[in-house]
Amino acid sequence: MSRTIRLSLGLMLMILLSVSVTETANAQKTYIVCVGLNVNRDNVDPLPCSRADMRGIANYFHSYNGSDVFMLLDANATRSHIIKILKRQFAKSTANDEIIFCYSGHGFDGGLSTYNNNEVLFCSEVQDIMHQAKARRKMMFVNSCHSGSFTKKYKDSKDKRKRYNKKSSVLLFLSSQSNEYSWETTAMNNSYFFHYLIKGLEGNADFSGDNKVTARELFNYVAPHVEDISSNKQHPVMWGRFPDDMVVVDLNNFNR
């Protein structure tokens with residue numbers, strides 16, 4: 001009987017070691033593309049904080065979870081280059097990974113501005129690229145005027161803005177409602193939205209104290225702060241198919 005017990009314990013140890021190796025091999029990785037535009041080619045309506053927004057979010061994720069961060073600023077953020085990098089970076093993901101698209105700059109009903117004023121990027125195009133990726137979690141953090149319009153359904157099926165793709169599980173965290181501006185000021189390093197988004201991700205939104213920041217916790221932290229600092233002129237929006245307890249960041253996964 002004692003020999004049988006020893007064999008069973010040995011088998012259990014082998015199984016545990018096998019599970020440990022598998023989990024390590026399949027460790028989740030985060031792929032992030034950050035696009036920030038303080039200026040465009042024609043220098044129309046320059047912004048004070050968009051580059052800093054993307055540097056701030058890139059610095060935050062740099063030591064997180066084996067993240068692969070790619071940043072495009074100003075002249076590098078042309079439409080063709082953004083699409084190329086989005087496809088290349090997010091195609092690397094596996095089903096165990098997560099992908100994040102971050103943007104700060106000018107926006108319009110259904111889309112985002114790029115460095116060339118005559119070239120725009122529709123939110124639906126970004127969602128389609130993300131939808132094709134294998135990653136199990138997909139998020140967009142967008143600071144632009146009228147960004148809430150990305151959740152709208154457009155009546156004309158030929159409209160280039162298209163309609164929000166309900167089949168896509170992309171979490172959209174948007175800086176303002178569809179009829180609102182998104183504010184930033186030279187008195188702050190970051191826009192209102194990214195200032196509180198980064199603070200929330202750093203742990204201020206961890207209301208449960210479990211060292212994890214969920215989607216609902218992040219929204220419940222960012223939204224009231226942005227509404228307050230903007231004197232109730234800007235109201236962030238969160239949209240998509242995801243559970244409220246979906247973990248956006250696990251604070252245990254930083255490489256300290």
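For clarity, every value in this text was computed on a predicted model and none was experimentally measured. Throughout, numbering of the chain's residues begins at 1 and tracks the sequence. Heavy atoms only: backbone and side chains are in, while hydrogens, waters and symmetry mates are out.
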**Student:** Specify the closest pair of heavy atoms between T186 and P48, including all atoms of both residues, with the distance to one decimal.
**Tutor:**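 So the two residues come closest at CG2-CB, 3.8 Å.
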**Student:** Any side-chain donor paired with an acceptor under 3.5 Å for S175 and S147?
**Tutor:**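 Side-chain D/A pair, S175 to S147: present.
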**Student:** Please give me the minimum heavy-atom distance between R88 and F70, naming the atom from each residue.
**Tutor:**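 Taking R88 first and F70 second, the nearest heavy atoms are NH2-CE1, 3.0 Å.
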**Student:** Can the ring centroids of F90 and Y31 be said to lie less than 6.0 angstrom from one another?
**Tutor:**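 Ring centres of Y31 and F90 not closer than 6.0 Å.
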**Student:** Just to verify, what does S67 make a side-chain hydrogen bond (donor to acceptor under 3.5 Å, both in side chains) with, not counting sequence neighbours?
**Tutor:**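 With sequence neighbours excluded, S67 shows a side-chain hydrogen bond (donor to acceptor under 3.5 Å, both in side chains) to no residue whatsoever.
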**Student:** Let's go through D53 and Y103 carefully: what are the C-alpha distance in whole Å and the side-chain angles of both, what is the deciding distance for side chain to side chain contact (heavy atoms under 4.5 Å, CB included) to 0.1 Å, and is it a yes or a no?
**Tutor:** CA-CA 8 Å; D53 282 347; Y103 177 91; over 6 Å; no
**Student:** Could you point out which residue of N220, T214, V222 forms a side-chain contact (heavy atoms from CB on, under 4.5 Å) with L218?
**Tutor:**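 Per the side-chain contact (heavy atoms from CB on, under 4.5 Å) rule, the option paired with L218 is V222, out of N220, T214, V222.
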**Student:** Once you round to the nearest 0.5 Å, how far does NZ of K84 lie from CD1 of I129?
**Tutor:**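 Answer for the NZ-CD1 pair, K84 versus I129, is 13.5 Å.
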**Student:** Taking the side chain from D97 and the backbone from T94, do they hold a donor-acceptor pair closer than 3.5 Å?
**Tutor:**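 Such a contact is found between D97 side chain and T94 backbone.
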**Student:** Which residues satisfy the side-chain hydrogen bond (donor to acceptor under 3.5 Å, both in side chains) test with N40, sequence neighbours excluded?
**Tutor:**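 N117.
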**Student:** Is K138 reaching over with its side chain to a backbone N or O of H131, donor-acceptor style, under 3.5 angstrom?
**Tutor:**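 Indeed, once roles are kept as given, a pair shorter than 3.5 Å links the two residues.
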**Student:** State whether a side-chain donor-acceptor pair under 3.5 Å links T114 with N116.
**Tutor:**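 Side-chain D/A pair, T114 to N116: absent.
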**Student:** Which pair of heavy atoms, one from H106 and one from V44, lies closest together, and at what distance?
**Tutor:**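 Closest approach of H106 to V44, heavy atoms only: NE2-O, 4.1 Å.
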**Student:** Could you tell me the separation between the CD1 atom of I32 and the CD1 atom of I100, rounded to the nearest 0.5 Å?
**Tutor:**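 With rounding to 0.5 Å, CD1 (I32) is 4.5 Å from CD1 (I100).
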**Student:** Please report, to 0.1 Å, the donor-acceptor pairs under 3.5 Å made by any side chain of residues 242-251, with sequence neighbours excluded.
**Tutor:**
from	atom 1	to	atom 2	distance (Å)
D244	OD1	R216	NH2	3.4
D250	OD1	N252	N	2.9
D250	OD1	N252	ND2	3.0

**Student:** Filter on side chain to side chain donor-acceptor pair (under 3.5 Å), then keep only pairs touching residues 223-233, sequence neighbours left out; what's left?
**Tutor:**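 Matches after skipping sequence neighbours: N232-H235.
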**Student:** Apply side chain to side chain contact (heavy atoms under 4.5 Å, CB included) to residues W183 and S191 and explain how you reach the verdict.
**Tutor:** CA-CA 6 Å; W183 295 89; S191 63; over 6 Å; no
**Student:** Between V213 and G200, which heavy-atom pair has the shortest distance, and what is it?
**Tutor:**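 That would be CG2-O, 3.7 Å.
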**Student:** Within a reach of under 6.0 Å around OH of Y60, are more than 12 heavy atoms found that belong to other residues, nucleotides or ligands?
**Tutor:**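 Enclosed: over 12 neighbouring heavy atoms sit under 6.0 Å from OH of Y60.
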**Student:** With respect to F173, which candidate in W239, F194, F193, Y221 satisfies the ring pair (Phe, Tyr, Trp, His ring centres under 6.0 Å) definition?
**Tutor:**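 The residue from W239, F194, F193, Y221 that satisfies ring pair (Phe, Tyr, Trp, His ring centres under 6.0 Å) with F173 turns out to be F193.
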**Student:** Short question: side chain of E217, backbone of S208 - any donor-acceptor pair under 3.5 Å?
**Tutor:**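 Yes; at least one donor-acceptor contact below 3.5 Å.
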**Student:** So, do M140 and Q127 sit near enough that their side-chain heavy atoms are less than 4.5 Å apart?
**Tutor:**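 Sidechains of Q127 and M140: in contact.
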**Student:** Is the closest basic N to carboxylate O distance between K92 and D68 below 4.0 Å?
**Tutor:**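 Salt bridge: yes.
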**Student:** Between atom CE of M54 and atom SG of C34, what is the distance when rounded to the nearest 0.5 Å?
**Tutor:**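 So the gap between those two atoms works out to 5.5 Å.
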**Student:** Report the distance from atom CG of N190 to atom NZ of K199, rounding to the nearest 0.5 Å.
**Tutor:**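 Between N190 CG and K199 NZ, I get 10.5 Å after rounding to 0.5 Å.
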**Student:** To the closest 0.5 Å, what do you measure between SG (C145) and CG (L112)?
**Tutor:**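 Between C145 SG and L112 CG, I get 11.0 Å after rounding to 0.5 Å.
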**Student:** Tell me which donor-acceptor pairs under 3.5 Å the side chains of residues 73-83 have, and how far apart each pair is, sequence neighbours excluded?
**Tutor:**
from	atom 1	to	atom 2	distance (Å)
D74	OD1	N38	N	2.8
D74	OD1	V39	N	3.3
D74	OD2	R51	NH1	2.4
T78	OG1	H81	N	3.3
R79	NH1	V120	O	2.8
R79	NH1	E125	OE1	2.9
R79	NH1	E125	OE2	3.2
R79	NH2	E125	OE2	2.7
H81	ND1	N76	O	2.8

**Student:** Are L37 and L47 connected in a single hydrophobic cluster, I mean Ile/Leu/Val/Met/Phe/Trp/Tyr linked by side-chain heavy atoms less than 4.5 Å apart?
**Tutor:**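 Not linked; separate clusters.
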**Student:** Stepwise, does the side chain to side chain contact (heavy atoms under 4.5 Å, CB included) test hold for E98 with R136?
**Tutor:** CA-CA 6 Å; E98 66 182 356; R136 65 187 177 87; 5.8 Å; no
**Student:** Measuring from atom CE of M71 to atom CD1 of I85, what distance do you get when rounded to the nearest 0.5 angstrom?
**Tutor:**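 Between atom CE of M71 and atom CD1 of I85 there are 13.0 Å.
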**Student:** Starting from the C-alpha separation in whole Å, work towards a yes-or-no answer on side chain to side chain contact (heavy atoms under 4.5 Å, CB included) for Q28 and N65.
**Tutor:** CA-CA 7 Å; Q28 176 184 297; N65 207 29; 3.2 Å; yes
**Student:** Hey, which of D109, V237, V142 is the one that makes side-chain contact (heavy atoms from CB on, under 4.5 Å) with F150?
**Tutor:**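 Of all the options given, the one that passes is V142.
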**Student:** Check whether the side chains of S178 and S149 place a donor and an acceptor atom closer than 3.5 Å, and report yes or no.
**Tutor:**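 Their side chains do not contain a donor-acceptor pair, so the 3.5 Å distance test is not met.
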**Student:** Tell me, please, which residues at least two apart from S50 pass side-chain hydrogen bond (donor to acceptor under 3.5 Å, both in side chains).
**Tutor:**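 Here the qualifying residues are S104.
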**Student:** Do Q234 and S176 get their side chains close enough for a donor-acceptor pair, meaning under 3.5 Å?
**Tutor:**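 Note: Q234 and S176 side chains miss the donor-acceptor criterion.
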**Student:** Do M188 and I229 make a side-chain contact, defined as non-hydrogen atoms from C-beta onward lying under 4.5 Å apart?
**Tutor:**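 Heavy-atom side-chain distance check passes, below 4.5 Å.
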